[in-house]
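The shown structure was predicted, so the numbers you read here are calculated from the model rather than taken from an experiment.
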Amino acid sequence: MKKLALNDGSLIDEFAVAAVMFFMTSCILSFISMRRQKTTSQRMEKAADFIFLSGLLVLFVATILIAFNLIK
């Protein structure tokens, strides 16, 4: 973070926290879906996929904002 000259408590931290929450939720849902019956398992796995992709989108947006120097 020092090389990018970002302040402590920047918006990047907020993006990182959001992404971690999405990824952890996705991991937990995937784990639970492996232990469930087939019908419930498929719904949970689809939810986990959607949440994981949301986390990737958050990281993508943060990366674009950094690349174009929109976050200081």
Side-chain angles (χ1 to χ4, degrees):
M1 293 291 206
K2 297 270 187 203
K3 294 190 186 240
L4 294 175
L6 299 172
N7 296 334
D8 292 337
S10 67
L11 194 56
I12 304 251
D13 295 333
E14 304 298 325
F15 279 107
V17 167
V20 166
M21 294 302 291
F22 281 127
F23 293 140
M24 290 304 298
T25 303
S26 174
C27 289
I28 290 168
L29 282 175
S30 290
F31 177 77
I32 292 172
S33 74
M34 288 188 283
R35 305 282 185 226
R36 296 280 178 153
Q37 294 176 344
K38 200 68 162 167
T39 55
T40 308
S41 173
Q42 290 174 348
R43 261 186 300 155
M44 292 181 94
E45 197 60 39
K46 284 182 183 179
D49 288 343
F50 178 76
I51 293 169
F52 183 81
L53 288 174
S54 298
L56 287 178
L57 180 64
V58 168
L59 289 180
F60 174 74
V61 169
T63 303
I64 293 300
L65 292 175
I66 292 169
F68 291 114
N69 292 323
L70 297 175
I71 295 180
K72 300 249 180 209

When hydrophobic residues are tied together by side-chain contacts of less than 4.5 Å, even through go-betweens, does [X] share a cluster with [Y]?
X	Y	value
Val20	Phe31	no
Ile64	Phe15	yes
Ile12	Phe23	no

Listing, residues 49-63 side-chain donor-acceptor contacts under 3.5 Å, not counting sequence neighbours, or none:
{"residue": "Ser54", "atom": "OG", "partner": "Phe50", "partner atom": "O", "Å": "2.9"}
{"residue": "Thr63", "atom": "OG1", "partner": "Leu59", "partner atom": "O", "Å": "2.8"}

Gap separating the [atom1] atom of [X] from the [atom2] atom of [Y], nearest 0.5 angstrom:
X	Y	atom1	atom2	value
Lys38	Glu45	NZ	CD	10.5 Å
Met34	Met44	CE	CE	11.0 Å
Ser33	Arg43	OG	CZ	12.0 Å

